[in-house]
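So you know, we letter chains A, B, ... as the sequences are listed, proteins then strands, and number each from 1. Every value quoted in this text rests on a predicted model; they were computed, and no experiment measured them.
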Amino acid sequence: MQGLVVERQNNKIRINSRTWIIEKKERENNYTPPLVESQAIAVKDKEKRGSKNGKGNLYLAGRTEILSLNLERIYRNVIKHTEKLKGEGKLETSLTDNEPLLMKDTLVLLYYMGRKAVLKKFLSWKLKKQVKYLSNPYLFYLNKHLDFHSSKVISMRTQTPMAPILTVYAYAYHILEEAYKNGRESITENHLMFELAEMLDMEEDKVEGEIEIMKAGKISGNMPIFDGGYVYLPWVYFLRKSALKMLAEVKPDSNGAVNEIVLPDNGNGDSKKAHELLSQLAANKYTILTGGPGTGKTTLLERIAGIIPNTQLSALTGKAAQRLGEDARTVHSLLGFGPRGFSKKELDCNLLIVDEASMMNWRTLHAVLLASPRIIFSGDPEQLPPVGGESVFKKMIETLPVVKLDKTWRFKNGLCVETIKKETEKEVFVALSNLLTALKHKDFQVITPIHGGLLGTRYLNTYIQGSFNPSPVILDNLRYKDRVIVTRNIYLDGELIAANGQVGIAEGVDTVEGNIYVCVGFQRNGSYNGSHNSSHNGSQRNGRVLVDRKDLELAYALTVHKYQGSECDYVVFIIPDRKKVREDFITDEMVLVGKTRGRMKTYVLEATGG
DNA sequence: TATCGTAG
């Protein structure tokens, strides 16, 4: 969900990508522009969080006093919109005397913020429900129709709410969501109290009273949950509770397949570990396979999958799944991930293998526990945690049986890392450019933590493409022979023909039913090495596939998250200026993943920021 | 134009 973004450019103002013309109003006519307060609020919020890029494109709250917007145009549009819905019989108009004004304000604000879908939904509701929302706009947020900041703007502008406890709920929920983004699954009641007191500008005693009311309230809908001095997002609380209960079940259902396996020694030296893993599997529903980077977790998993009939391989990112083989999928794809969580249910398999399990959160854990009678969670607790929420894997490893691999196979001559530090990102960019010239004919991969900015995937990809691939353009900014990654699962007649995370080479364009597609060639296991190896035999997923341009990205530079679990000969790991990202974004875990991807050598290019 | 990932 998107907050309110306000920018000013000369005589125009941009709000969430919509542009409005600014009119100057004389002070003496004592006209208060209806939307000025909400603009001021939006700006204040933005300032509080700090303008990250420092571009200063936000205007000062004080200056909004002399500005107003062309409201007549908005009113006309809203009225037109309303009339249309009335014509379709989707709107009741029997408002009481007091409500039309509130209604008008709310409608205008929704329209003004570019929330047309919400506006339309709102207009289609029964009057009773509409009035409920009008009397407390935070319901828009609590019931997931709007983001927190938009609800706040409506509430401030329309001088609601009339039921303050809902406001406290909304703020509490918002505080929890922010904490979750920072990797916290819960916060203490005290923490919540301090935050609420600050945000609502209330006495702590009073907040304490509100918290008591919240605690006494019935649990319904999206309300924060209080338990044992901690406060949780409801979905985190319930899925966590349920997952912990399932994890406590030790014995697997009677299923002989695992018990009777005799493992031949393959001479690779990992048979002892494989036996250990198999005996754990026979005795326990859930087992953990762990080990540092390059200790052969994936290889062992592939071996186990080849031995135990009806094993489903999965991973937490598309790229990691693709690396496990053709039949592997993301957990999300297997279990029907959608806007309301996982929709699926049960998998028809003996054993589910979940790779890169350090990226699991409670929701994914809960889903896989429901799905399979037996699971191997494979991962390294020292590698990347989930995006949002805390590392569930770190907790599981304390209670579940663990098989640990400790011999490193990836780095034949020991881990080889060369760190190059530069003050500015620009200097890092120059160093990268020199380094790439040297690596041009080698098997290399650039990885970076971010998408945006000078050292993000988007710009680096364009840059590397520009200097390494002189081939003609085939579509948009894609060139013939470009190295690309598929960013979405692609189905043809219900069959998966290309998976998110698959890497290939753009080979041309084709037109089907008037739509233009990029023809992408894939090689077995997806590690496409541009110059050599261009055989396209095998099944469809290893051959040529037509992919929509929007489902492809250049793959010269990938994020560290995507590349976790992958490897190649030479890796360039970029660390941007830490001041340009959120302070604690570049963690030890990320650095560990980043510097352990190169088989021969990893170059770490770091912008120290001076 | 998003900190990172997942889905159709």
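- Look at A:Thr559 and you'll find a side-chain N or O under 4.0 angstrom from OP1 or OP2 of B:dG5.
- When the ring pair (Phe, Tyr, Trp, His ring centres under 6.0 Å) test is applied to A:Tyr173, the partners found at least two apart in sequence or on another chain are A:Tyr141.
- At a threshold of 4.0 angstrom between heavy atoms, the contacts of A:Gly336 with the nucleic acid are absent.
- Regarding A:Tyr459, its OH atom lies at a distance of 20 Å from the C1' atom of B:dA2, rounded to whole Å.
- Considering A:Ile375, A:Val354, A:Leu247, A:Leu370 as possible partners of A:Leu365, the one that fulfils the side chain to side chain contact (heavy atoms under 4.5 Å, CB included) test is A:Leu247.
- Within the 4.0 Å cut-off from OP1 or OP2 of B:dA7, at least one side-chain nitrogen or oxygen of A:Thr330 is found.
- Listed nucleotides B:dG8, B:dC4, B:dA7 differ in distance to A:Ile450; the shortest reach to its side chain belongs to B:dC4.
- Here B:dG5 presents its P atom at 15 Å from CG of A:Asn361, a figure rounded to the nearest Å.
- Residue A:Phe342 contributes atom CZ, which lies 12 Å from atom P of B:dG8 at whole-angstrom precision.
- Across all strands, A:Leu316 comes closer than 4.0 Å only to sugar-phosphate atoms, never to a base (heavy-atom distances).
- Between A:His451 and B:dG5 there is a side-chain polar atom (N or O) within less than 4.0 angstrom of OP1 or OP2.
- One can place CG of A:Leu334 at 11 Å from P of B:dG8, the figure rounded to the nearest angstrom.
- Residue A:Thr457 is the one, among A:Thr457 and A:Gly338, whose nearest nucleotide of DNA chain B lies closer to the 5' end (criterion: closest heavy atom).
- Atom CZ of A:Arg488 is separated from atom P of B:dA7 by 10 Å (rounded to the nearest Å).
- We find that CG of A:Leu384 is positioned 15 Å from C1' of B:dT6, with the value rounded to whole Å.
- Heavy-atom distances to DNA chain B give each of A:Asn500 and A:Arg458 a nearest nucleotide, and the one nearer the 5′ end belongs to A:Arg458.
- Residues passing the ring pair (Phe, Tyr, Trp, His ring centres under 6.0 Å) test with A:His561: none are found, sequence neighbours excluded.
- One atom, CE of A:Met590, and another, C1' of B:dG5, lie 11 Å apart when rounded to the nearest Å.
- Put simply, A:Lys562 has a side-chain N or O that comes within less than 4.0 Å of OP1 or OP2 on B:dG5.
- Heavy atoms of A:Ser333 sit under 4.0 angstrom from primed sugar atoms or phosphate atoms, though from no base atom.
- Taking every side-chain heavy atom of A:Val387 into account, B:dC4 is the closest of B:dA2, B:dC4, B:dG8.
- Across the protein-nucleic acid pair, A:Leu239 atom CG and B:dT6 atom C1' stand 15 Å apart, rounded to whole Å.
- Between A:Val593 and A:Asp380, every side-chain heavy-atom pair lies at or beyond the 4.5 Å cut-off.
- Under the 3.5 Å distance criterion, the side-chain polar atoms of A:Asn182 are left unmatched by any main-chain donor or acceptor of A:Ala179.
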